[in-house]
Amino acid sequence: MKKVIELRNVSYDYKSSADERTTGVKNISLTVNKGEFVVLLGHNGSGKSTLAKLLNAFLIPDQGDVIINGINTKEEKRVFEIRSKVGMVFQNPDNQMVASIIEDDIAFGAENLGVERQELIRRVDWALQVVNMHAHKKRTPFKLSGGQKQRIAIAAILAMLPEILILDESTAMLDPKGREEVLDVVRKLNSEQGMTVILITHYMEEAVDADKVFIMNEGEIVASGSPREVFDNEKAVYEAKLELPVACKISHMLKKDGFDIPSCLTVDELVEGICRL
Amino acid sequence: MSIVVENLSYTYMPKTPYRTTALKDITFTVNEGEFVGLIGATGSGKSTLIQHFNGLIKLADGRLTVFDFDLSAKKINYKALRKGIGMLFQYPEYQLFEETVLKDIMFGPKNFGMSKEEAYESAKRAIELVGLDFEEIKDRSPFEISGGEKRRVAIAGVLAYKPKALILDEPTAGLDPSGKKEILELITKLKKSDAVSTIIMISHNMDEIAAYAERIIVLNNSRLIYDLPPKELFKKDDLQEMGLDLPITVKIKNALAQRGMVLDTDALTAEELVAAIKQKIRGNNG
Amino acid sequence: MGRDITFGQYYPGDSFIHRMDPRAKILLSILYIVTVFLCVSFYSYLAVFLFLAILILVARVPLRSVLKSVKAILFLVMLTAAINILFYREGSPLLQFWVIRITDEGLIFSAKMALRLLFLVIGTTLVTLTTTPMNLTDGMESLMSPLKVVKFPVHDVAIIMSIALRFIPSLMEEIDKIIMAQKARGAAFDSGGLIARAKALLPILIPLFVSAFRRADELALALDARCYNATPNRTKMKELKFGYRDLVASVACLLFMGVIILLRFYPGV
């Protein structure tokens, strides 16, 4: 498997007092392979956004190395190469749009990369189709729902043809419907286009079908592995000030009461488990 | 009775091509001391409805009585009305503006005519109510405290003028699980104390609403569809058609029923559901 | 969100004028302004009126939206007209009292001035009604591009304009929200003297600035994430191209200007 992201003993500390509320990261090592769906969990201020910013060279580590597709983020001249490969979608859908017409906004990133015109038009159409917003191409984004706006933000990144998509709490401000819309698009990108996805969130339910889950607390990775492995580590989850998905919690409760039920991640698994009792 | 809504309708920009109906023929009552949940998909009219309660939107059609105020009257003392209704909009921390936390919290009390001393005492009490350390936080800038603290300060800023009812629009939006839990615990604490008696809460999170509200009002396409206690409401099978989620416990119960395991329960919490499952299994086996 | 946030003035459509190159529209509107200033006789004003009527028909924009912009400057028009009527000195007096002297020429002059103002506003409104702000920005960027030679950051200025346009509706919405929140806390914005009122604005302005800075911060990250300034050879999806429409429109405008100039030699009324 091809490693697309590799972090070797990465530390970063916000020295400037202006950012004293932001947690840095300490001694993080991890790898992400091509096509993986990775979820990074942590409470607000656990350092997960700092980690995201290290991945596309917004921040350069104080110690250790961040290697993206074989390029070290310390190589200043290749910053844009990294950023075009590591697309990043942020939390507030309103503050990521630069243009007042959706298609112009989608084209912006690719235009910055100097993509030639015919290709630009193709990419904009393609990206809007992927996020299922093609009907809105010529419209303004103001009247869209949060979920729709966030899908536009994803399309705007897709038009740069990134290999890795990072969603930095991009679902945090959405209602349940909007969150589901965004997650559907992201899951589809991962399964159909083989896009490597790093989803940063504090919604535990979003982690259940990930390939890998990392839990961060106080700037460190405190648990990692498959969703099942991570959620079985109940202590780490609670220490990181997070909650287990409800289905998981119920299966644990039944198990404690002496029922022979495996640890379940989803409602479906739980129902299956209960019916077998 | 604290809030009585009768046949309330509202249209934005009436008599123009842009007119949109926001509320249609809404009738319900909120009694003193109740905790009422208000749910509905985005755009169903929830915000328009609550903005009527303190006169931010002027009553156009129907009748509305909020405590002693008849909002269809010609002359309304809005200040007195607003003093009785503490309203917290989404992301209330964005309304903070003063140099210090204390000054910001005293803004409301002073506007509503309290003397400086009264306002100070009231602010102090409010800060303590929301679980912050008065001495530690009072002189700090509201822009330099953490996100969770900001939200508490914003809540304190409303509690400080001692409203009779508290209206919360998505009080946990954007918070992480522990932040959510803290705010919900705070709301429960407020409800139990004599700080506020009546609470109306808007939320998209059905688990929260199911756990805290005594009664839930459902709006869909500008109309009131249901006004029921949570256990009754979540038995209805058309909530998802209205773009609403179900509490996860209800989802589990429904999925079990599909597999032939019908639980005789209206459980909403994980604990209740586990108890019902255990009973069912033991009943089957024994 | 009670207020409908119309986006700039743009009225969506795909008429002949909508589809013209924004640069042509900007240049021709300058030509139009010059032409209006060349008008002397009432015949020429009539010609402008007819020209505008045709343009409105061709643009297929509702008269209502055109009149909306007229309404916005109506006060200004009436004020200048009043001043002109009251203080114009030439001509034979029709009415005279105290320092005021209303003359026939004064009436004619002020009527022409008022018409001129109205025509200017209607003409330029037609450009903003038929061109998206984005397109206008693009047009201006392109027209200003010769300035790149003297190191003027034409593209950055264009991006700033476009972002400003993009964020105006968001900030308007934000103001609405803040006002509501502070009103709920008992703030009053319409009582007291001037100083009290100015002070009452602080609870709105401070959160607004804080929010604007937060947005700017996040936007800066989003711009970086989308490789802003990655290459000097930035491309554009929407290429501006002069087409047959622009040629036709230019010819029409020049003809119109010719008519107005000709009318100068036939001083009628």
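Any value given below was found using the heavy atoms of this structure, including those in side chains, with hydrogens, waters and symmetry copies removed. Each chain gets a letter, A, B and so on, in the order the sequences are listed, and its residues count up from 1.
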Would you name the heavy atoms of A:S100 and C:L165 that are closest together and state the gap between them? OG-C, 4.1 Å
Any side-chain heavy atom of A:V98 sitting closer than 4.5 Å to one from C:L223? yes
Can you list the residues of residues 116-126 of chain A that sit under 4.5 Å from chain C, counting heavy atoms only? A:E116, A:R117, A:L120, A:I121, A:V124
For a 4.5 angstrom cut-off between non-hydrogen side-chain atoms, does C:M237 reach A:E103? yes
Going through the checks in order, is the side-chain contact (heavy atoms from CB on, under 4.5 Å) test met by A:M97 and C:I163? CA-CA 8 Å; A:M97 290 186 196; C:I163 287 174; over 6 Å; no
By a 4.5 Å heavy-atom criterion (distance strictly below it), what part of A:A153 contacts chain C: side chain, backbone, both, or neither? neither
For A:G114 and C:T231, the nearest pair of non-hydrogen atoms, with its separation, is N-CG2, 3.9 Å
For salt bridge (charged side-chain N to carboxylate O under 4.0 Å, His left out), just list the numbers for A:E111 and C:K236, CA-CA rounded to whole Å, side-chain angles, deciding distance to a tenth of an Å, and then say yes or no. CA-CA 6 Å; A:E111 288 176 336; C:K236 299 217 79 162; 5.6 Å; no
Looking at residues at least two apart in the chain, or sitting in another chain, which of them share a side chain to side chain contact (heavy atoms under 4.5 Å, CB included) with C:S145? C:K148
Kindly compute the distance separating CG (C:D224) from CG (A:N56), expressed to the nearest 0.5 Å. 9.0 Å
d(C:E218 CD, A:N92 CG) to nearest 0.5 Å is 5.5 Å
Within residues 199-216 of chain C, the residues sitting under 4.5 Å from chain A by heavy atom, in sequence order, are C:R215
Against chain C, label A:M160 side chain, backbone, both or neither, depending on which of its atoms sit under 4.5 Å from a heavy atom there. side chain
C:R226 (side chain) donor-acceptor with A:G87 (main chain) under 3.5 angstrom: no
Which atoms form the tightest heavy-atom contact between A:A99 and C:S162, and what is the distance? CA-OG, 4.5 Å
Can you name the closest pair of heavy atoms from A:F142 and C:P169 and give their distance? CZ-CG, 3.6 Å
Where does A:F108 contact chain C at under 4.5 Å (heavy atoms): side chain, backbone, both or neither? both
Could you check whether atom NZ of A:K177 has more than 12 heavy atoms from other residues, nucleotides or ligands sitting under 6.0 Å from it? no
Could you list the donor-acceptor pairs under 3.5 angstrom formed by side chains in residues 51-65 of chain C, with sequence neighbours left out?
{"residue": "C:S65", "atom": "OG", "partner": "C:P62", "partner atom": "O", "Å": "3.0"}

Is the shortest heavy-atom distance from the side chain of C:R166 to the side chain of A:D94 under 4.5 Å? yes
Which atoms of C:N233 come close to chain A, meaning under 4.5 Å heavy atom to heavy atom: side chain ones, backbone ones, both, or neither? backbone
A:K53, part contacting chain C, at a heavy-atom distance under 4.5 Å: side chain
Under 4.5 Å heavy-atom distance to chain C, tell me which part of A:L113 shows up: side chain, backbone, both or neither. both
Where do C:T235 and A:V115 come nearest, in terms of heavy atoms and distance? OG1-O, 2.5 Å
Atom group of C:L221 that falls short of 4.5 Å from chain A, counting heavy atoms: both
Are C:F167 and A:N95 packed together at the side-chain level, in the sense that at least one heavy-atom pair is separated by less than 4.5 angstrom? yes
How close do A:F90 and C:A225 get, heavy atom to heavy atom, and via which atoms? CE1-CB, 3.9 Å
